[in-house]
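Below: the structure, in structure tokens.
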There are 2 protein chains.
Amino acid sequence: MKQPYKLATARDVADKAEVSVSTVGRALADDPRISAKTKSRVKEVATQLGYVGNLLARQMRGAKSNLIGLMLPDIRNHFYATIAEALSECCSSNGYQLALSIANDPETEARHVTELISARAAGIVIVPTANPKRETQDLLNNFPHVQLLRRIEAYNSAWFGINDEDCLCEGTKHLLSLGHRRIAYIGGSRELSTGKARWKGFRRAFTEMGIEPDHAIEIFGPPSSTRFGADAMNDLLNRPEPPTALITGTIRVTQAILEILHQRGISAPDDISIVGFGDAPEFKWWGQGLTTLCMPIEDLATTCGLWFLFHLDAEKPTHLQHSSLARATLTIRGSTAPLAG
Amino acid sequence: MKQPYKLATARDVADKAEVSVSTVGRALADDPRISAKTKSRVKEVATQLGYVGNLLARQMRGAKSNLIGLMLPDIRNHFYATIAEALSECCSSNGYQLALSIANDPETEARHVTELISARAAGIVIVPTANPKRETQDLLNNFPHVQLLRRIEAYNSAWFGINDEDCLCEGTKHLLSLGHRRIAYIGGSRELSTGKARWKGFRRAFTEMGIEPDHAIEIFGPPSSTRFGADAMNDLLNRPEPPTALITGTIRVTQAILEILHQRGISAPDDISIVGFGDAPEFKWWGQGLTTLCMPIEDLATTCGLWFLFHLDAEKPTHLQHSSLARATLTIRGSTAPLAG
DNA sequence: TTGAAAGCGCTAACAT
DNA sequence: ATGTTAGCGCTTTCAA
């Protein structure tokens, strides 16, 4: 029985057009040495047979891969969805194809990295997990890649991120200057470069304003988990003395706390002042508008993509210690107000 | 100069371990014919050289591809992000790798489909564009694929979608039974199977309730465009007699109208009753909560993925006329109320 | 228990 | 202007 989905090869085309395989290859590549007549015949037969060249074979012959691996911890996060779209667009308009891998733990990450290398992708754009396996590190350090947002020191590669520390510092100062002292911070694990920087920013705000962080409350947890944010928020609200203000350090946490506040009928800024992290469109119309730390994330991803693809095209090494910082800014809306009393 | 990022081949391992290439292949595949001693030596050398087998070569030898192409019109849409995540998860746990392509027009779609076939992907999961090129159709009909959400009759393949028509019908009936007559529908183009079905559902509600749709207003436009939704909404609101109720037919439109209503300070259900399409988490806390048509989209994607991967693994043809319907339901929240007066 | 050789589909160097 | 051949890295006969 005829096998389903059998694709035609150059050999098939050659046989039917009664020429050699190399003539087929040349004709389809519009090689000037082939006569117009032969060309048209070959092309016709090719179309007729639905011939689509085998990229695998081409790449084995030395052609560059057009596959870019993108490794993200989470795609339902507005942050990462934006990145995926921007990079997809970027790849697409430069002749590359994006392979998306979701990995939230070191094991899955290792597996996917190996697979991408095994498929001889052209390069990898990665938002690394907190503690990548040694194996992953060795692999990546010998493979073209670039880090996005999170930064692992052990990777000898370029990094594109945001000024997390300054940004959290600014947000916290905003709350402090409104008179708040019992301020809670719910953010990602400090094992992450981003989590650490954001926490440092939170702390720095107190230092720079000469205020002791005695009443600050800090809660850390896994990123990309809505569950953690919800639990942390409920915990805070159930305390005898709940915080008068809250600033978050990840998008997922922001989404989670908005949900909880809504569920429990707690409103900002009357009951608590809120500074959210990230700028999902809906943050504008949560309550009276959420005061947020806005990230130019699309820009960052595009910049990163262009830089990376350019270096790949030029066959330049991508393990330079290049780093690029995008500036996040505080957007004040209705969810923050001076401390009452 | 030594080339950067040169990966070791089986040949390199063989030379260093002083065995033949075939022994290397067998040792790494844990072939029982190879002695334990040789095996361990080969493995050690492989690790030492950072050897990662070349998947391209393997596939040329007949190994199955592990690449699944996913073609979506848009990834920032909550709908599609959910699909991407569900499928990525599904692929990942079945040894496949997801390649993401964003294509919103027939030309880009054709290009990406060709590329995926050229890369000899194992199969393609596609949310087709409205009017795919003939070329794309011919290609896909000879390649394992499955349609998601939107359905093109010309594709002789399985389809996984939702009961769009019933769902819009139910939502519209809800508004009609509240006494609304001047009801607007803003939805996707009727050239899309989904757009058409949803519009038919809207109309059917009137028929089944024995009401003439004299005062119904229908606006259609490109899907995946927030801009269109915003323009349509503004247009409606600027009319001398704006509708008393509105039902939307795409997620993007829903997001857009929420934005506009918020901007213009128009509130539901006081000024207008709203039934939104889709169930992004933030819909719960828009105003007094948005009445929505909820889709079990994650479920749908997972079902689709499992079905497809199973058929690919079993090397069964996927061009059966299988179709699977997921049921969407109306969730009533605060944005709809009886017509005043 | 291991090695040598063929071949997957393609392109490029080398004939004719 | 076109055909022949070699080889990309791997697996899988077939031989030893």
Side-chain angles (χ1 to χ4, degrees), chain A residues 3 5-43 45-46 49-67 114-115 117-122 143, chain B residues 3 5-43 45-46 49-67 114-115 117-122 143:
Chain A
Q3 213 181 327
Y5 308 128
K6 181 87 189 144
L7 291 171
T9 72
R11 171 88 266 150
D12 299 329
V13 178
D15 289 349
K16 190 149 186 192
E18 294 178 305
V19 290
S20 72
V21 237
S22 30
T23 302
V24 170
R26 287 196 270 251
L28 295 176
D30 257 331
D31 190 301
R33 292 173 297 182
I34 302 294
S35 72
K37 205 167 139 194
T38 311
K39 262 185 201 172
S40 71
R41 186 156 40 92
V42 170
K43 284 181 182 174
V45 173
L49 295 179
Y51 172 77
V52 178
N54 187 325
L55 196 62
L56 304 180
R58 280 192 193 135
Q59 277 165 198
M60 283 210 43
R61 284 282 314 160
K64 287 188 14 267
S65 164
N66 70 334
L67 199 69
T114 309
E115 266 168 18
I117 295 182
S118 173
R120 295 300 189 267
F143 196 81
Chain B
Q3 212 181 328
Y5 310 127
K6 181 87 188 141
L7 291 171
T9 72
R11 171 87 267 151
D12 299 329
V13 179
D15 288 349
K16 189 150 187 194
E18 293 177 307
V19 290
S20 72
V21 238
S22 24
T23 301
V24 171
R26 288 195 270 251
L28 296 176
D30 257 329
D31 190 301
R33 291 174 298 181
I34 302 295
S35 72
K37 203 166 142 194
T38 311
K39 262 186 201 171
S40 72
R41 187 156 40 92
V42 169
K43 284 181 182 173
V45 173
L49 294 179
Y51 173 77
V52 178
N54 188 326
L55 197 61
L56 304 180
R58 277 189 196 139
Q59 278 165 198
M60 282 209 42
R61 284 281 315 164
K64 286 189 14 267
S65 164
N66 70 334
L67 198 69
T114 309
E115 266 167 20
I117 295 182
S118 173
R120 295 300 188 267
F143 196 81

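Atoms considered below: every heavy atom in the structure, side chains included; atoms not considered: hydrogens, waters and symmetry mates. Numbers restart at 1 for each chain; the letters A, B, ... are given by sequence-line order, proteins then strands. Computed from a predicted model, the values in this text were never measured in an experiment.
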What is the distance from CG of B:Asp31 to P of D:dT11, rounded to the nearest Å? 11 Å

What contact category does A:Ser20 fall into here, base, sugar-phosphate, or nothing, at under 4.0 angstrom with non-hydrogen atoms? base

Tell me: CD1 of B:Ile117 to C1' of C:dG9, nearest whole Å? 17 Å

Tell me the interatomic distance from B:Asp30, atom CG, to C:dT2, atom C1', rounded to whole angstroms. 16 Å

Counting only distance, no hydrogens or angles, is the base of D:dG3 paired donor-acceptor with the side chain of A:Arg26 under 3.5 Å? yes

Going by heavy atoms in the side chains, are A:Glu18 and A:Thr23 under 4.5 Å from each other? no

To the nearest Å, give me how far apart CD (B:Glu18) and P (C:dT2) are. 14 Å

Short side-chain N/O contact from B:Ser35 to OP1 or OP2 of C:dT2, under 4.0 Å: yes

Which whole-number value in Å describes the distance from A:Leu7 CG to C:dC8 C1'? 14 Å

State plainly whether the residues A:Arg11 and A:Asp15 are in salt-bridge range, i.e. N to O under 4.0 Å. yes

Hey, does the side chain of A:Arg58 come within less than 4.0 Å of C:dC10's phosphate (OP1/OP2), counting only N and O? no

Whole Å only: how far is the NZ atom of A:Lys64 from the C1' atom of D:dC8? 17 Å

If I take atom CG in residue B:Asp12 and atom P in nucleotide D:dG9, what distance separates them, rounded to the nearest angstrom? 8 Å

Given C:dC8, D:dC10, C:dC10, which nucleotide is nearest the side-chain atoms of B:Met60? C:dC8

Using atom CD of A:Gln59 as one end and atom C1' of D:dG7 as the other, report the distance to the nearest whole Å. 17 Å

Side-chain donor or acceptor of B:Ser118 paired with backbone N/O of A:Gly53 under 3.5 Å: yes

When you measure only distances, ignoring hydrogens and angles, does the side chain of A:Ser22 come within 3.5 Å of the base of D:dT4 through a donor and an acceptor? yes

Indicate yes or no: at least one non-hydrogen side-chain atom of A:Arg120 is less than 4.5 angstrom from one of B:Leu7. yes

Under 4.0 angstrom, heavy atoms only, what part of the nucleic acid is A:Arg33 near: base, sugar-phosphate, or nothing? base

Mind checking whether B:Tyr51 and B:Leu28 have side chains closer than 4.5 Å, heavy atoms only? yes

Of B:Ile34 and B:Arg61, the one whose closest nucleotide on DNA chain C sits nearer the 5' end is B:Ile34

If you check the A:Asn54 side chain, which of C:dG9, C:dT2, D:dG3 turns out closest? C:dG9

